[in-house]
Amino acid sequence: MKYMGSKRSMLTNGLGDALSQSVAECNRVFDLFTGSGAVAWHVAQKYDREVIASDLQSYAVALAAGVIERTESIADHRWVDTWFDSARAMQPDSFFQEATVLQEKLEIDQISASAIDAQELCADVNLPVCFAYGGYYFSPLQALWLDTLRITLPNNANQRRIGLASLIIAASQSAAAPGHTAQPFKPNETAGRFLREAWMRDIQFLVKRAVISVSEKCARKAGRAVVADANELAKQVGEGDLVFLDPPYSGVHYSRFYHVLETIAVGKVGEISGIGRYPSPSDRPRSDYSLRTKSKLVFEGLLKVISEKGASGIVTFPAGEASNGMSGQDVTEISERHFSILERKVSSRFSTLGGDKIHRDARQVTEELILILSPR
Ligand SMILES: C[S@@+](CC[C@H](N)C(=O)[O-])C[C@H]1O[C@@H](n2cnc3c(N)ncnc32)[C@H](O)[C@@H]1O
């Protein structure tokens with residue numbers, strides 16, 4: 001899935017080698033800002049090490065857990081049909097029928113008219129995705145499937161992990177928005193066709209495809225994923241552990257971009273407002289790493305704890321100036337105060353942040369610093 005700052009492309013471009021070099025000598029591996037879970041998945045699948053992944057946001061933790069907490073791949077997917085049947089059984093008939101009619105007419109009706117009908121249909125529905133995002137990020141039928149699949153997730157622990165991670169992946173792949181969900185495509189001349197295209201995506205197909213892909217992956221050693229502040233969880237790091245650090249570089253909180261995925265992960269939503277239909281700031285995780293006045297201090301505090309524990313580290317950060325007030329140079333200087341820098345390299349990464357005038361995400365190449373840190 002697309003994720004702002006995902007390190008997936010860097011795993012084959014410098015970061016994979018850095019990890020392989022450091023993992024060889026370590027006990028456990030911490031991924032304290034796991035995001036899309038790309039690095040946690042990679043390490044857990046490839047190395048016989050316990051991986052502990054964390055993030056402030058529940059959807060990121062659910063994504064990581066989908067792989068790192070399981071040690072067996074699962075080839076039998078029959079449970080998915082049972083899950084789909086349970087979801088279908090709880091869909092209110094009248095809403096399902098109206099949502100299906102609207103879905104079938106998407107290709108022929110004016111998208112502006114479909115959007116009005118969709119918003120009216122979802123406005124009073126007592127289901128979080130329908131209520132908050134139906135008629136905006138999702139068509140009513142898509143929203144209904146997302147809600148009911150969330151409610152009927154299987155009780156079996158591994159199926160539930162795979163199911164929730166897959167639901168988040170499917171939501172991310174179908175949301176009518178650029179690479180993130182800061183605001184939905186509008187039903188107008190320019191963005192209307194992207195809205196229609198997104199609303200026509202089939203949630204069951206996307207969920208099943210994600211299930212097949214997630215279930216074939218598993219960890220070589222069982223790990224765990226937790227919702228936690230990186231600076232708090234760092235206190236559990238021990239001597240000989242490796243800590244991967246990929247802190248936020250954006251001056252805007254991640255929770256503003258990914259509230260839709262968070263609603264799906266936690267299965268509820270409070271008051272919403274604004275063009276992006278955000279939950280109120282008090283209901284969204286805030287990070288000191290996204291505050292210009294605090295980012296350097298909080299990063300310094302983190303490195304201090306990790307170095308005092310005798311762990312080693314790998315840090316990635318944009319090589320230049322970032323919008324949260326830190327730069328690659330700051331990150332290098334702070335790291336030098338607490339660790340010996342064994343290696344410093346610059347890798348390029350495709351970034352999905354940004355977008356052109358019609359809100360399509362533009363892939364930009366950014367230069368990213370990789371520091372390999374060893375305890376003094
Ligand atoms: C640059 S992204 C990480 C991307 C990730 N490495 C990947 O490959 O997808 C930074 C992540 O840090 C999380 N975050 C922000 N502040 C945090 C904190 N104080 N503790 C833990 N996670 C935090 C954000 O929610 C976001 O997912």
Side-chain angles (χ1 to χ4, degrees), residues 1-16 18-19 29-44 51-68 165 168-169 172 179-182 225-237 243-262 265-266 284-292 294-303 305-306 313-319 322-326 328 331 347 349-353 366 368-370:
M1 61 177 257
K2 288 185 201 155
Y3 195 68
M4 210 171 83
S6 169
K7 294 297 160 291
R8 193 157 66 104
S9 66
M10 276 171 60
L11 287 166
T12 49
N13 184 18
L15 181 57
L19 285 163
V29 180
F30 283 74
D31 177 10
L32 292 183
F33 303 90
T34 200
S36 67
V39 173
W41 282 19
H42 171 85
V43 175
V51 175
I52 298 139
S54 67
D55 201 282
L56 282 185
Q57 309 211 81
S58 303
Y59 67 84
V61 171
L63 286 169
V67 171
I68 71 170
I168 292 165
I169 293 168
S172 140
H180 51 67
T181 52
V226 286
V227 176
D229 182 284
N231 290 48
E232 279 304 309
L233 195 67
K235 295 175 187 161
Q236 294 182 21
V237 167
V243 187
F244 174 64
L245 299 171
D246 183 26
Y249 52 84
S250 158
V252 181
H253 295 285
Y254 263 75
S255 55
R256 185 178 170 89
F257 295 112
Y258 294 103
H259 57 100
V260 174
L261 303 187
E262 191 67 359
V266 298
R284 287 189 266 134
R286 290 174 63 77
S287 171
D288 285 349
Y289 286 88
S290 288
L291 302 178
R292 294 183 75 88
K294 294 200 174 154
S295 55
K296 286 182 213 162
L297 279 176
V298 75
F299 183 62
E300 175 116 38
L302 178 63
L303 288 199
V305 173
I306 298 169
I314 296 181
V315 182
T316 51
F317 202 77
S323 63
N324 67 345
M326 279 213 289
V331 167
S347 164
R349 176 176 73 77
F350 284 112
S351 155
T352 50
L353 178 61
T366 60
E368 193 102 7
L369 196 65
I370 304 175

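The analysis underlying the following values was restricted to heavy atoms, covering all of them including side chains, and did not include hydrogens, waters or symmetry mates. One-based numbering, in listed order, for ligands and for the atoms of each.
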N231 side chain to V298 main-chain N or O, any donor-acceptor pair under 3.5 Å? yes
Using a 4.0 Å cut-off to any heavy atom of T34, which atoms of ligand 1 qualify? 5 (C), 7 (C), 9 (O)
How long is the straight-line distance from CG of L302 back to CD of E232, given to the nearest 0.5 Å? 11.0 Å
S54 and ligand 1 - part of the residue with a heavy-atom distance under 4.0 Å: neither
For ligand 1, which atoms sit closer than 4.0 Å to a heavy atom of S287? 15 (C), 16 (N), 17 (C), 19 (N)
N or O contact, R8 vs ligand 1, cut-off under 3.5 Å: no
Which of the numbered atoms in ligand 1 are under 4.0 angstrom from any heavy atom belonging to L32? 21 (C), 22 (N)
Do S323 and V252 come close enough that some side-chain heavy atom pair is under 4.5 Å? no
Give a yes or no on whether the ring-centroid distance for F33 and Y249 is below 6.0 angstrom. no
Which of the atoms of ligand 1 are close to G5, meaning less than 4.0 Å from one of its heavy atoms? 4 (C)
Looking only at protein heavy atoms, what sits closest to atom 20 (N) of ligand 1 is A230 N, 2.8 Å
Using a 4.0 Å heavy-atom cut-off, say whether Q57 meets ligand 1 through its side chain, its backbone, both or neither. side chain
What protein heavy atom is closest to atom 19 (N) of ligand 1, reported as residue, atom name and distance in Å? D229 OD2, 3.3 Å
Measure the spacing between CE of M4 and CZ of F257 and express it to the nearest 0.5 Å. 4.5 Å
Ligand 1 versus A60: contacting region, heavy-atom distance under 4.0 Å: neither
If the condition is side-chain contact (heavy atoms from CB on, under 4.5 Å), which residues does S295 pass it with, not counting sequence neighbours? N324, M326
For ligand 1, which atoms, with element, lie under 4.0 Å from some heavy atom of Y289? 19 (N)
Using 0.5 Å steps for rounding, measure from the NE2 atom of H180 to the CZ atom of R256. 10.0 Å
Non-hydrogen atoms of S255 versus ligand 1: any pair closer than 4.0 Å? no
Kindly compute the distance separating CG (L11) from CG (L19), expressed to the nearest 0.5 Å. 6.5 Å
Closest protein heavy atom (residue, atom, distance) for atom 15 (C) of ligand 1: P248 CG, 3.3 Å
Those residues that, when tested against T316, pass side-chain contact (heavy atoms from CB on, under 4.5 Å) (two or more places apart): K7, M10, L15, F244, D246, E368, I370
The atoms of ligand 1 lying under 4.0 Å from a heavy atom of S36, numbered in the order shown, are 7 (C), 8 (O), 9 (O)
Under 4.0 Å, counting heavy atoms only: does A228 come that close to any atom of ligand 1? yes
Best match, F33, Y3, Y59: closest heavy atom to atom 27 (O) of ligand 1: Y3
